[in-house]
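Just below is one structure, and these are the notes that go with it.
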Amino acid sequence: MALLASAFGGALLMGIAGPAAADTGVLTEDFPQAIAGNVRTEGEPVEGATVRVTGGDGFEGEDTTDAKGTWRVPVPSKDGVWTVELVESSLPAGVEVPEGFSFTTEAEFGATSTVTRNFTLGAAERDTIGFWEQFLSRAVNGLNFGLMLALAAIGATLVYGTTGLANFAHGEMVTFGALVALLASGVMPIWIAVPFAVIVSALFGLGMDAGIWRPLRRKGLGLVQVMIVSIGLSLALRYVIQMFIGGRTQQLPGAVTETIPGLGPIRLTLTDVISMAISVIVILVFAWWLMRTRIGRATRAVSDNPSLASASGIDVDAVVRIVWIIAAALAGLSGVLWAYFRPGIKWDMGTSILLLMFAAITLGGLGTAFGALVGSIIVGLLVEISTLWISSDLKYVGALVVLIVVLLFRPQGILGRKERIG
């Protein structure tokens, strides 16, 4: 064993000390630091090219690019300046070298253990997209986002219309639906986990109404006090969710990232199409329920005038209970679709669109479900299309600016009614 260790150590020292290290490829793999990169021509990888690294008191090592054009040469030390050379004679036939191209470059290590040096023999062709093609693509994405936003906003505006509560915890109800789908997807297929998440979200809404909001209504608390309770509930739920999933972004299974061919400049995946179809179907079913069913008409009556509805024999508490169930279910479904659109689930994802929900509700008209739908689609389109002119980090600001401008000329919102104050 001692003899074997002595022979191994002597071979390693010989590899470091002289050019013979180029022939000891196995030994060089033991070095913890390396110089790596890729070789490309016109955006395509070059396979079979040789890259040689020299320096470090006579060290010499080389590697051959693989099918992806990548190479990696481990080196014995991070000290000094290393010379990296693309061996011209090793380039495959047909690879053109531009005039004035430098086959040699230098590399120095910093804080990291890997230094990257790439060789690009020719510039890749760039596909340019015109303004109107970009506009159309972003408009479709904005419509998709607006439909998802509408699911959450409709539930929030129903709660406001029937109880007068601006629920600041509605964003956490969105996150809750995505979280339940994530946890359920570990034990069941995603196509079962999503309906399960919607059902659990509906039960969560029922539990919140029974345990918090109905007792507060019976005690006769004012809207300001109840709104403050909703803010506190929002904070509590947000950090409880963080305890479960941490600060990392986690992905739901089943997402399709490949775009559907044949749509021109529009980039849509199968997941996007399914998301839009689900949103449209759910909104149509909700519209039928609100306009055609007895409970839906009772909900509209309570939203218009709770006192008159109660005097007419409508059980206001029962209607409010149903509204909380529907609002939570819609918020949960919106959370699942939003997790695929972002993509990913994060503990504060619902909070990031809470102001957009309120903007859509206010823009469309407070307390009106169809106003929330119209406002959500407008906000969704503005958010995505505005990135043609402003940074994507500021895209939410544009929607809020338009909200302010619209309310200056139409304070009741697009579908809202003028009300007399005083």
Side-chain angles (χ1 to χ4, degrees), residues 8-129 248-251 255-259 261 267 269 342-344 391-393:
F8 181 81
L12 180 59
L13 288 174
M14 289 177 62
I16 297 176
D23 299 325
T24 57
V26 176
L27 293 181
T28 59
E29 292 297 329
D30 292 332
F31 300 145
Q33 55 277 325
I35 302 175
N38 62 66
V39 180
R40 291 181 173 272
T41 176
E42 296 182 351
E44 297 297 326
V46 177
E47 183 180 5
T50 300
V51 178
R52 183 177 296 124
V53 176
T54 58
D57 297 329
F59 174 85
E60 181 177 314
E62 62 183 34
D63 192 20
T64 302
T65 57
D66 59 15
K68 297 181 180 179
T70 59
W71 59 271
R72 183 178 184 273
V73 178
V75 296
S77 172
K78 296 174 64 175
D79 299 330
V81 179
W82 300 87
T83 301
V84 183
E85 177 191 2
L86 172 63
V87 180
E88 182 177 4
S89 59
S90 68
L91 292 176
V95 176
E96 296 183 1
V97 180
E99 185 178 354
F101 178 79
S102 177
F103 287 90
T104 304
T105 184
E106 293 183 343
E108 290 185 74
F109 282 90
T112 61
S113 298
T114 302
V115 177
T116 301
R117 290 294 182 268
N118 299 323
F119 292 95
T120 304
L121 300 175
E125 296 183 2
R126 298 181 63 184
D127 295 329
T128 58
I129 302 177
R248 298 179 293 112
T249 298
Q250 303 193 38
Q251 304 294 334
V256 179
T257 57
E258 294 80 11
T259 57
R267 299 177 61 85
T269 66
R342 293 183 69 235
S391 169
S392 58
D393 295 332

Tell me the closest heavy-atom pair linking [X] and [Y], and the distance in Å.
{"X": "Phe101", "Y": "Thr120", "value": "CE1-O, 3.3 Å"}
{"X": "Ala107", "Y": "Val115", "value": "CB-CG1, 3.8 Å"}
{"X": "Trp82", "Y": "Asp79", "value": "NE1-O, 3.3 Å"}
{"X": "Glu47", "Y": "Pro92", "value": "O-CG, 3.2 Å"}
{"X": "Thr54", "Y": "Glu60", "value": "CG2-CG, 3.7 Å"}
{"X": "Val73", "Y": "Val51", "value": "CG2-O, 4.2 Å"}

Using only atom types and a distance under 3.5 Å, with no angle test, would you say the side chain of [X] pairs donor to acceptor with the backbone of [Y]?
{"X": "Asp63", "Y": "Arg72", "answer": "yes"}
{"X": "Thr65", "Y": "Thr70", "answer": "no"}
{"X": "Glu62", "Y": "Val53", "answer": "no"}
{"X": "Asn38", "Y": "Asn118", "answer": "no"}

With a 4.5 Å heavy-atom cut-off, do Phe109 and Val75 have their side chains touching?
yes
Within the structure provided, determine whether Leu91 and Thr41 are in side-chain contact (heavy-atom separation under 4.5 Å).
no
Pairwise distance OG1(Thr50) to CH2(Trp71) - rounded to 0.5 angstrom:
11.5 Å
Keeping to residues at least two apart or across chains, list the salt bridge (charged side-chain N to carboxylate O under 4.0 Å, His left out) pairs with something in residues 105-122.
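Qualifying pairs: none.
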Under the salt bridge (charged side-chain N to carboxylate O under 4.0 Å, His left out) rule, what pairs show up with a residue in residues 81-91, not counting sequence neighbours?
Arg52-Glu85
